[in-house]
Amino acid sequence: MVQVRVAEKEKAYPEGVSFFEVLKDLDKGLLKKTVAVRVNGVLRDLRARLDSTDTTIEPVDIESKEGIEICRHSAAHVMAEAVRSLYDNVKVAIGPAIEDGFYYDFDTERPFTPEDLEKIEARMKEIVKADHPIIGKSVGKAEALEFFKAKGEIYKEEIIAGLEGDEVSVYSQADFTDLCRGPHLPSTGWIKAFKLTGTAGAYWRGSEKNKMLQRVYGTAFASRKALEDYLARIEEARKRDHRKLGRELDLFTTSEDIGAGLVLWHPNGSTVRRVIEDFWKGEHVKGDYSIVYTPHIAQVGLWKTSGHWDFYRENLFSPMDVEGQEYIVKPMNCPFHIQIYKTHLRSYRDLPVRYAELGTVYRYERSGVLHGLLRVRGFTQDDAHIFMTPDQLEEEIKGVLNFTLYILKSFGFNEFDIYLSTRPEKYVGALENWAKAESALKAALESTGLEYSVDPGEGVFYGPKIDIKIKDVIGRSWQCSTIQVDFNLPERFDVTYRDESGHEARPIMIHRALMGSLERFFGCLVEHYAGAFPFWLSPVQVTVLTVTQRNDEYARSVYKRLREEGLRAELDIRNEKLGYKIREAQLKKIPYQLVIGDSEEADGKVAPRQRGGESLAPESLDGFIERAKRENRP
RNA sequence: GCCGGCGUAGCUCAGGGGUAGAGCAACUGAUUCGUAAUCAGUAGGUCGGGGGUUCGAUUCCCCCCGCCGGCUCCA
């Protein structure tokens, strides 16, 4: 007999009884929302049986992260079963649960079409309805190898060959057997809600060198309601898509005639960008940065010296010939800033030197990776390079980190995911410098009191870095800020300063971008605010609307005054009904609509209406201007 | 770059071997109107580009460009 505890309850059962039976006996209600159990810290199937060491059983709730993962994983198996039953000569590869869903990779005779997706989903529904038991067992490695070999499952063979230990576990449902660690649902009927979401090509083991397999994506949830909520969230994200809003609000476009990944900023988008840039410049001047400008092209030798020519050649635009010299469009700003630094002999007393630039760079991104404003070929970095003595490193990083957070918060981002990336396998620079820099970054992070995680080996070849991802209102993360320590470039460009004893010494550099690229950051802002920018960023802040043409003259004077006060105003005196004009202003997401009718004109007032639909009491123009000015800042 | 899908009026989309259609937007006229769409009329397209098949291609085939979903990549 085994003494079993589940939550508060305790009872003895004979060995060999399944966890399912134990729960059924002890707490039927609990069983209903349980998909697996954790026993002594290990996840097990409900079908698994008690053995002598099992004492405490923790049920895994279907709504829990692990519970949903188990559902998704089982759904992936159901999909594999469906695909194998529908198509000949299919080999299955891997099929894990992922964030928001699951996928399974198949090696097929031909790629899947959208029609295939429907067929597969329909077959999956049949399999769920048939409620096949999902049974796991442990088998010898040799036996498993033989089994999958006989079935022609070469990918499974490869996986098994790479596994440690003598035993592997396999799961079977109906006539489909898969290599799998588990756990799984007790039977296919336990899958409550799923949907296939797409197909894609995906390389075996993620390497371009390997064969491209067919991946089918899907998702599964604990209930139909949860699935519907998820689909509604996707729909919400779709509504916020910066590419859609960019067109609707006339913010930006790209043009086939110009080229992929090159952005045209329309007047509305340009206004937002200008406000961002003005704010950025002002804050940098306050923060003791020097703002600089540098050319868009330069001799390729600069990039050979920097090392980018060797490391990133496939992402540089081809050189152009200028009187026998090779020039390229710049992929980075750093060498220019270094050249400026080097025009003078620097003393330790001059450091740190901070150069900031809204520098437009061009990188040849492979066509398949381009995406709206988020991944483009020409973009403007809010770049800066700081030259300092090694002693100044920690203090400087703290300063940069706090500055970054301040700027991001000014744009309405208050939640961050912060990562410290440490030395990668391929690196340059002395180990002791790496250690020093990593500990300086760490100390700076700790001084903020914010949580962060370490990405081991994810640093750049020339130094460790801090990356900050901002979270938008619907919880998505966007990589924007990066703070990178660099030992490489000062060396390569022979950057120096005179230390306290008058000797030549090597400064350390920091590269940092707060918004990353203006394009990406702008795209992120659009989605964060769903196009309804805060007042200080809105392309048009106020629109003056007349009720009838009798009010045109007064409306003009209101409009003129608003412009004189530096507010971005528009005047709509078209011969249309008020409702029509309001609707249009609303769709343009203009923060304030000033309604001007006979009564406002008679009283010398304006009647503000807010973007949200709320009408404010008529007030004097001065009063409104005061309100607007109060809101016209971060 | 790779896999799949898509490209028709400014936008959203329908159509389909015999040279195209709707709604909204635009323009013109009437209406002078109070917080999300007044009515009527007009105009608008080398059907992404190039080549091929065909008596005839926007439709079928090939190549290219661009966009979308992924993979890979992202200093």
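Order of the sequence lines sets the chain letters (A, B, ...), proteins ahead of strands, with each chain counted from 1. As the structure is a computational prediction, the values presented were derived from the model and not from experiment.
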statement: Rounded to whole Å, the CZ-C1' distance (A:Phe112 to B:C2) equals 18 Å
task: For this output row, return yes or no: ring centroids of A:Tyr592 and A:Phe535 closer than 6.0 angstrom.
output: yes
message: What I'd like to find out is whether the side chain of A:Phe487 reaches to under 4.5 Å of the side chain of A:Trp434, using heavy atoms alone.
response: yes
message: For the CD atom on A:Glu99, are there more than 12 heavy atoms of other groups (residues, nucleotides or ligands in this structure) within a distance under 6.0 Å?
response: no
task: Find the distance A:Asp107:CG to B:C3:C1' and express it as a whole number of Å.
output: 13 Å
- prompt: Distance check: side-chain N/O of A:Arg609 vs OP1/OP2 of B:G34, anything under 4.0 Å?
  reply: no
task: Return the 5'-most residue of the pair A:Gly259, A:Gln549 with respect to RNA chain B, ranking by each residue's nearest nucleotide.
output: A:Gln549
message: For a quick check of understanding: with a heavy-atom distance under 4.0 Å over all strands, which category does A:Gln381 fall into, base, sugar-phosphate or nothing?
response: nothing
- request: Check the angle between the aromatic planes of A:Phe522 and A:Phe252 and answer parallel, tilted or perpendicular using the 30° and 60° thresholds.
  value: perpendicular
task: Let me have a per-nucleotide readout for nucleotides 40-48 of chain B, 5' to 3', with B, S or -, counting only protein heavy atoms under 4.0 Å.
output: ---------
- prompt: RNA chain B: A:Val595 or A:Tyr580, which has the more 5' nearest nucleotide?
  reply: A:Val595
- prompt: Which part of the nucleic acid does A:Ala585 contact within heavy-atom distance under 4.0 Å: base, sugar-phosphate only, or nothing?
  reply: nothing
field: Length of the CD-C1' vector between A:Glu576 and B:U35, whole Å
entry: 15 Å
message: Any salt bridge linking A:Lys605 with A:Glu619? Criterion: basic side-chain nitrogen under 4.0 Å from a carboxylate oxygen.
response: no
message: Give me the distance, rounded to whole Å, that separates B:U42 from B:C47 when you measure between the P atoms they each carry.
response: 25 Å
message: Please encode protein proximity along nucleotides 69-75 of chain B as a string of B, S and -, counting only heavy-atom distances under 4.0 Å.
response: BBBBBBB
query: Given the C1' atoms of B:U58 and B:U19, what is the spacing between them in whole Å?
result: 8 Å
message: Has A:Glu121 got a side-chain atom pairing as donor or acceptor with A:Leu196's backbone, closer than 3.5 angstrom?
response: yes
- request: Pick the P atom in B:C63 and in B:C24, then give their distance to the nearest Å.
  value: 41 Å
message: Between the base of B:G5 and the side chain of A:Glu115, is there a donor and acceptor pair under 3.5 angstrom?
response: no
- prompt: For A:Gln593, which contact category applies under a 4.0 Å heavy-atom criterion: base, sugar-phosphate, or nothing?
  reply: nothing
- request: Determine the Euclidean distance between corresponding C1' atoms of B:G51 and B:A9; express it in Å to zero decimal places.
  value: 27 Å
- request: Please measure how far the P atom in B:C3 lies from the corresponding atom in B:G44, and state the result in whole Å.
  value: 43 Å
Rounded distance in Å - CG (A:Leu249) to C1' (B:G10): 15 Å
Check: A:Thr360/A:His296 side-chain N/O donor and acceptor closer than 3.5 Å: no
- request: Please measure how far the C1' atom in B:C2 lies from the corresponding atom in B:A37, and state the result in whole Å.
  value: 47 Å
task: Please check if the distance between the ring centroids of A:Tyr355 and A:Tyr289 is under 6.0 Å.
output: no
- request: Start with the C-alpha distance between A:Asp467 and A:Thr482, add both sets of side-chain angles, then the distance that settles side-chain hydrogen bond (donor to acceptor under 3.5 Å, both in side chains), and finish with yes or no.
  value: CA-CA 4 Å; A:Asp467 286 329; A:Thr482 184; 2.8 Å; yes
- prompt: Any Lys/Arg nitrogen of A:Glu115 or A:Lys119 sitting under 4.0 Å from an Asp/Glu carboxylate oxygen of the other?
  reply: no
task: Hey, could you give me the CH2/CG distance between A:Trp204 and A:Asp107, rounded to the nearest 0.5 Å?
output: 10.0 Å
Close side-chain approach of A:Lys91 and A:Ile154, heavy atoms under 4.5 Å: yes
task: State which of B:G5, B:U38, B:G66 makes the closest approach to the side chain of A:Ala260.
output: B:G66
message: Distance check needed: B:C33 P versus A:Ile582 CD1, whole Å only.
response: 16 Å
- prompt: How many Å lie between CZ on A:Arg583 and C1' on B:G34, as a whole number?
  reply: 18 Å
statement: To the nearest angstrom, the CD1-P distance between A:Ile590 and B:A36 comes to 15 Å
task: Using the P atoms only, state how far B:A43 lies from B:A20, rounded to an integer number of Å.
output: 16 Å
- prompt: Quick one: A:Arg238 CZ to B:U12 P, roughly how many Å, whole number?
  reply: 11 Å
task: Give A:Leu587 one of three labels, base, sugar-phosphate or nothing, depending on what nucleic acid heavy atoms sit under 4.0 Å from its own.
output: base
field: Side-chain donor or acceptor of A:Thr108 paired with backbone N/O of A:Val90 under 3.5 Å
entry: no
- prompt: How far does the C1' atom of B:U72 sit from the matching atom of B:A36, given to the nearest Å?
  reply: 46 Å
message: Under 4.0 Å, heavy atoms only, any strand: does A:Gly372 hit a base, just the sugar-phosphate, or nothing?
response: sugar-phosphate
task: If the plane angle is over 60° it's perpendicular, under 30° parallel, otherwise tilted; pick one for A:His77 and A:His73.
output: perpendicular
- line: In RNA chain B, consecutive runs of at least three Watson-Crick or G-U pairs below 3.5 Å, as range with range, amount to B:1-7 with B:65-71, B:10-13 with B:21-24, B:26-30 with B:38-42, B:48-52 with B:60-64
